[in-house]
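Structure first, commentary second.
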Amino acid sequence: MRKPDQTTALDLPMVDPLPPATQKYFDICQDKLGMIPNVLQAHAFDIEKLNTFAALYNELMLADSGLSKLEREMIAVVVSSINRCWYCQVAHGAAVRQLSGDPALGEAMVMNYRVAPLDARQRAMLDFAAKVTTASATIEEADRTALRDVGFSERDIWDIANVAAFFNMTNRVASATGMQPNPEYHAQAREG
């Protein structure tokens, strides 16, 4: 039975006390986001696992890239929608709403990105991410060429593939462990 303060269905409590560097990271999250994302709390039963997860997430989602932060969040939502990952649809849907300033776009991305008002670049990127999610073994040169044709560089294609693959992995972990999204995400960026 899940305890009220558990972020997952597994009884893996956070290290207590947290190491100073982890506590500082959580304090920064609290200051910037108004919460500590449950995905971070869930990983905090093992600080090395948390550090590895956070380092990869930060590299893929926040580091320099030819993809904007919004585009990377859009990939996260499309992958999570296909995989029906509750945690990531809620968390990254909120990020799309916030970064785009368009609550309707965030909702469309969660429900069916194909009905969203996207430009040719975004549509090609998301079609590729969807194929990585549903049929990665069938990707061929024509799929990469479609991305090049709308202006993506070789590095951008690498980043699209890596962001899509990362969320395919995290979706499965979140779903398998019953990870719950922070309640705060539901209300974020709803005013247009």
Inset, instruction - Quick one: do H43 and V39 satisfy side-chain contact (heavy atoms from CB on, under 4.5 Å)? Show the steps, please. - result: CA-CA 6 Å; H43 279 84; V39 67; 4.0 Å; yes
To the closest 0.5 Å, what do you measure between [atom1] ([X]) and [atom2] ([Y])?
X    : Y    : atom1 : atom2 : result
Q41  : C29  : CD    : SG    : 9.5 Å
I82  : L126 : CD1   : CG    : 9.0 Å
L147 : I160 : CG    : CD1   : 5.0 Å
M14  : L40  : CE    : CG    : 10.0 Å
I28  : I36  : CD1   : CD1   : 11.5 Å
N38  : M179 : CG    : CE    : 8.0 Å

Is [Y] close to [X] at the side-chain level, that is, under 4.5 Å between some pair of heavy atoms?
X    : Y    : answer
V115 : M111 : no
L118 : M125 : no
W86  : P181 : yes
T170 : C88  : yes
Q180 : T7   : no
K69  : L62  : yes
V15  : F45  : no
Q23  : P20  : no

Legend entry - Salt-bridge criterion met for R144 and E154 (N-O under 4.0 Å): no
For [X], which residues count as a side chain to side chain contact (heavy atoms under 4.5 Å, CB included) partner, sequence neighbours excluded?
X    : answer
D143 : F128, K131, I139, E140
M169 : F166, V173
A164 : I75, V79, A129, V132

Inset, instruction - For salt bridge (charged side-chain N to carboxylate O under 4.0 Å, His left out), just list the numbers for R97 and E73, CA-CA rounded to whole Å, side-chain angles, deciding distance to a tenth of an Å, and then say yes or no. - result: CA-CA 10 Å; R97 290 192 306 271; E73 289 292 349; over 6 Å; no
Looking only at heavy atoms, what is the nearest atom pair of [X] and [Y], with distance?
X    : Y    : result
G34  : E184 : O-OE2, 4.5 Å
L105 : P117 : CD1-CD, 4.4 Å
A63  : R72  : O-NH1, 2.8 Å
N182 : M35  : CB-SD, 3.4 Å
A146 : A124 : O-CB, 4.3 Å
V96  : G106 : CG1-CA, 3.8 Å

Heavy-atom donor-acceptor pair, [X] side chain to [Y] backbone, under 3.5 Å:
X    : Y    : answer
Q122 : D119 : yes
S175 : N171 : yes
R84  : S80  : no
T22  : L18  : no

Inset, instruction - Quick one: do M109 and V78 satisfy side-chain contact (heavy atoms from CB on, under 4.5 Å)? Show the steps, please. - result: CA-CA 6 Å; M109 297 300 299; V78 166; 3.6 Å; yes
Inset, instruction - Report the residues that fulfil salt bridge (Lys or Arg N to Asp or Glu O under 4.0 Å) with R123, sequence neighbours left out, ordered by chain and then residue number. - result: none
Legend entry - Residue pair H92, F167: steps toward the side-chain contact (heavy atoms from CB on, under 4.5 Å) verdict: CA-CA 11 Å; H92 297 283; F167 281 96; 3.3 Å; yes
Identify all side-chain donor-acceptor contacts of residues 48-61 below 3.5 Å with residues at least two apart in sequence or on another chain.
from: N51; atom 1: ND2; to: I47; atom 2: O; distance (Å): 3.3
from: T52; atom 1: OG1; to: E48; atom 2: O; distance (Å): 2.9
from: N58; atom 1: ND2; to: A54; atom 2: O; distance (Å): 3.1

Inset, instruction - Compute whether any side-chain donor of one residue and acceptor of the other, for D156 and S153, lie under 3.5 angstrom apart. - result: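 Yes, because at least one side-chain N or O of D156 sits under 3.5 Å from a partner of the opposite role on S153.
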Legend entry - Joint hydrophobic cluster, L70 plus L33, side-chain heavy atoms closer than 4.5 Å: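 Yes; L33 is reachable from L70 via cluster members.
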Legend entry - CG (D31) with more than 12 external heavy atoms under 6.0 Å: yes
Legend entry - Counterpart residues, ring pair (Phe, Tyr, Trp, His ring centres under 6.0 Å), relative to F26 (two or more places apart): none
Inset, instruction - Could you walk me through whether V150 and F152 pass the side-chain contact (heavy atoms from CB on, under 4.5 Å) test, one step at a time? - result: CA-CA 6 Å; V150 292; F152 286 108; 3.7 Å; yes
